[in-house]
Each structure stands twice: as C-alpha cells, then as structure tokens.
Amino acid sequence: MLTPPSSKEELMARCYALAGLTLGQIAAQTQQQIPDNLQKYKGWVGQLLEHVLGATAGSKAEPDFPQLGIELKTLPVNATGKPLESTYVCVAPLTGEPGLQWHESWVCQKLQQVLWLPVLAERTIPLADRVVGTAFLWRPNAAQQKVLQQDWEELMDMISLGGIHNIKGATGKVLQLRPKAANSRARTDAIGAHGEPIKTLPRGFYLKASFTALLLQEQFQLA
DNA sequence: TCCTGATCATGG
DNA sequence: CCATGATCAGGA
C-alpha cells in the first residue's frame with residue numbers, strides 16, 4: 001500500500017506512470033496474484049488500481065482520495081474506446097429522504113471530481129494482458145450537471161411517491177437506477193404505492209455507458 | 001449487439 | 001444488511 005498522494009498533480013503523475021502497462025505488470029509490482037477471470041473477483045481491477053495509486057482502502061462512504069476530494073473509477077473499454085459497462089455511482093436511498101436537494105445528494109457529491117482510468121477490457125483479452133489507458137480528471141460541466149440533476153430529481157421523485165416499481169433502466173437520460181445487491185432475494189426498506197413502508201430489492205445509481213462514452217470522446221476526441 | 005436484472009468478494 | 005469495488009449473462 002502506497003502513501004496517499006499529497007496533491008492532484010502527484011496523483012496524476014502516478015496514473016500516467018501506469019498508462020500502457022498491463023494489469024499483469026502492475027500486479028507483479030505489488031506481488032498480487034491475478035485471478036484467471038473476474039467472475040468471482042468482479043472488483044479486482046478497481047481494487048488493484050486503488051492500491052497502486054494509494055487510495056484509501058475499505059468500504060467507507062467517502063471519496064477514494066478524501067483530502068483531494070477525488071473519486072477513482074476504472075472504466076472498462078473496448079478497442080475502439082467505448083465503455084463496455086455502465087458505471088456504478090452509489091446506493092440509492094429508497095425511503096425518500098424528504099427534502100434532500102440535488103447538491104446535497106450522494107450522486108452529486110461523488111461526481112464532483114472523478115478520476116477516470118480506462119482499461120482495455122474486452123473479455124477475449126486475458127486479465128493479465130489488459131492494458132491501462134490514460135487517466136483523466138473529470139468535473140461535470142454545466143450541461144452535464146443539469147442533466148444529471150434532472151435525472152436524479154426524476155428518479156428521487158418517483159421513489160418518494162411510491163413509484164419505485166415503475167422505474168426502468170431507461171428512466172433517466174444518463175443516470176439509471178438498477179439492482180445493487182448480493183442477489184435477488186436481498187431486501188431493504190422503501191416506499192410502497194400508497195405511501196406504506198415496503199421491502200424491496202436494493203438499488204444503485206449507475207451512469208449509462210452512453211454517457212461515459214461521451215466523456216471519453218470529449219477527452220480523447222474519438223471519432 | 002445492447003440492456004437490464006442478477007451476481008461475486010470483502011470489510012464493517 | 002450496507003457500502004466499497006464492479007462484471008456477468010440471458011433475453012429483447
């Protein structure tokens with residue numbers, strides 16, 4: 001475990017040093033074992049890169065680099081630079097959180113400053129041979145902030161009014177609500193159709209892949 | 001091929 | 001159970 005980076009510049013320098021390296025090379029530096037596949041280690045890539053960059057370990061509800069206010073997200077991409085997956089943001093409060101405003105929300109806080117770290121991650125490429133790309137720091141611009149806020153408000157309104165069962169993955173332009181649980185039997189508190197307390201599958205907020213694709217395009221001027 | 005629901009590991 | 005890290009995998 002490295003010491004946490006003391007500045008944004010130091011963090012970026014560490015990232016640039018990783019660009020072009022394979023996960024095998026990085027794992028070797030830290031004497032980590034590489035799993036054959038990610039089926040039983042789905043968070044392995046993210047945790048490896050957190051480790052080598054000096055992120056705060058653990059499952060604490062705070063940014064990966066608390067002093068810098070920066071959240072780290074690995075982004076699996078294909079050979080043409082398109083994201084292969086949506087990006088998990090945070091769990092969704094399903095009990096309404098009366099009066100919670102967008103700027104106070106977990107989603108807004110987490111997305112204030114994100115360090116994206118693309119990883120070439122087509123499933124045909126063995127884990128050890130997958131290459132780390134060039135990291136970039138992203139802060140949502142005004143337009144992005146606006147659409148994120150609109151989506152969040154729409155989703156939170158539906159949740160608060162007992163409409164969680166009407167929420168589909170397609171609800172929201174860039175932000176979506178999807179299951180986030182150990183399995184489909186998991187249950188958490190939520191609001192029923194008539195305002196009554198119910199138990200339902202825990203959900204999380206995700207950024208759609210089409211949205212992160214735009215961020216990559218902006219950054220790298222992809223065709 | 002893409003999307004959405006389901007799932008896996010770990011730490012507290 | 002919740003929050004961290006995400007990807008899997010079947011059906012549309």
Side-chain angles (χ1 to χ4, degrees), chain A residues 1 4 23 26-27 30 32-66 70-95 97 105-107 109-111 114-128 130 132 135 151 155 158 164-190 197-214:
Chain A
M1 177 61 169
L23 296 180
I26 294 169
T30 62
Q32 299 231 357
Q33 297 296 314
I34 303 182
D36 288 335
N37 59 69
L38 294 178
Q39 197 163 19
K40 290 192 177 299
Y41 304 91
K42 294 183 179 181
W44 184 82
V45 176
Q47 287 168 356
L48 172 71
L49 294 170
E50 277 189 349
H51 181 83
V52 298
L53 291 173
T56 309
S59 58
K60 292 191 288 282
E62 62 178 22
D64 297 299
F65 303 97
I70 293 175
E71 179 74 17
L72 176 70
K73 289 289 181 194
T74 60
L75 189 57
V77 299
N78 66 15
T80 64
K82 287 174 47 176
L84 293 167
E85 294 288 346
S86 55
T87 300
Y88 170 69
V89 180
C90 61
V91 296
L94 301 186
T95 50
E97 302 291 312
S105 74
W106 217 332
V107 175
Q109 310 263 341
K110 288 224 159 196
L111 298 182
V114 178
L115 180 59
W116 295 103
L117 192 43
V119 178
L120 185 57
E122 284 166 340
R123 292 189 198 181
T124 54
I125 304 174
L127 198 48
R130 298 184 183 180
V132 174
D151 283 351
L155 292 166
M158 292 179 75
I164 188 169
H165 293 304
N166 296 325
I167 297 177
K168 310 299 177 191
T171 308
K173 296 184 179 66
V174 301
L175 196 64
Q176 61 182 181
L177 195 74
R178 301 223 313 276
K180 171 63 173 173
N183 54 58
S184 60
R185 281 89 65 197
R187 287 296 181 267
T188 193
D189 295 325
I198 62 168
K199 291 285 190 179
T200 191
L201 186 62
R203 320 296 168 94
F205 287 110
Y206 294 79
L207 295 177
K208 296 184 183 184
S210 54
F211 181 68
T212 52
L214 294 178

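Below, each value reflects all heavy atoms present in this structure, side chains not excepted, and no hydrogens, waters or symmetry copies. Order of the sequence lines sets the chain letters (A, B, ...), proteins ahead of strands, with each chain counted from 1. Please read these numbers as outputs of a predicted model, since none were measured by experiment.
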Figure out the CZ/P separation between A:Arg203 and C:dC2, and round it to whole Å. 13 Å

Comparing nearest nucleotides in DNA chain C, the 5'-proximal residue of the pair A:Gly46, A:Val91 is A:Val91

In whole angstroms, the gap separating P of C:dG5 from CD of A:Gln32 amounts to 16 Å

Under the rule for side chain to side chain contact (heavy atoms under 4.5 Å, CB included), what residues qualify as partners of A:Ala182, not counting sequence neighbours? none

Distance, rounded to the nearest Å, where A:Arg187 contributes CZ and C:dC1 contributes P: 10 Å

Are the side chains of A:Val132 and A:Leu23 in touch, meaning some heavy atoms are under 4.5 Å apart? yes

Of A:Val89 and A:Arg123, the one whose closest nucleotide on DNA chain C sits nearer the 5' end is A:Val89

Could you tell me which residues satisfy ring pair (Phe, Tyr, Trp, His ring centres under 6.0 Å) with A:Tyr206, sequence neighbours excluded, listed by chain and number? A:Tyr88

Identify whether any heavy atom of A:Lys110 sits under 4.0 Å from a base atom; if not, whether one sits that close to sugar-phosphate; answer base, sugar-phosphate or nothing. sugar-phosphate

Sequence-distant partners of A:Lys208, side chain to side chain contact (heavy atoms under 4.5 Å, CB included), two or more places apart: A:Gln176, A:Ser210

Euclidean distance, atom CD of residue A:Glu122 to atom C1' of C:dT7 [Å, nearest integer]: 15 Å

Please tabulate the protein-to-nucleotide N/O contacts below 3.5 Å involving nucleotides 10-12 of chain C, giving atom names and distances.
none

Set of ring pair (Phe, Tyr, Trp, His ring centres under 6.0 Å) partners for A:Phe65, sequence neighbours left out: none

Smallest separation among heavy atoms of A:Thr212 and A:Pro83, with atom names: OG1-CG, 3.3 Å

In whole Å, I'd like the distance from the NZ atom of A:Lys73 to the P atom of C:dT7. 10 Å

Below 4.0 angstrom from OP1 or OP2 of C:dC2, is there any side-chain N or O of A:Thr188? yes

Over how many whole Å does the gap from A:Leu72 atom CG to C:dG5 atom P extend? 8 Å

Starting at atom CD of A:Glu50, determine the distance to atom P of B:dT10, rounded to an integer number of angstrom. 15 Å

I'd like to compare against my own output: the B/S/- annotation of nucleotides 4-9 of chain B with a strict under-4.0 Å heavy-atom distance to protein. BBBBBS

Would you tabulate the side-chain donor-acceptor contacts of residues 117-128 of chain A under 3.5 Å, counting partners in other chains and residues two or more places apart, or write 'none'?
residue	atom	partner	partner atom	Å
A:Glu122	OE2	A:Ala79	N	3.1

For A:Lys168, give me all partners under salt bridge (charged side-chain N to carboxylate O under 4.0 Å, His left out), at least two apart in sequence or on another chain. none

Starting from C1' on B:dC3, measure out to CG on A:Asn78 and report it in whole angstrom. 16 Å

Using the side chain to side chain contact (heavy atoms under 4.5 Å, CB included) criterion, which residues pair with A:Gln32? Sequence neighbours excluded. A:Ala27, A:Thr30, A:Trp44, A:Leu48, A:His51

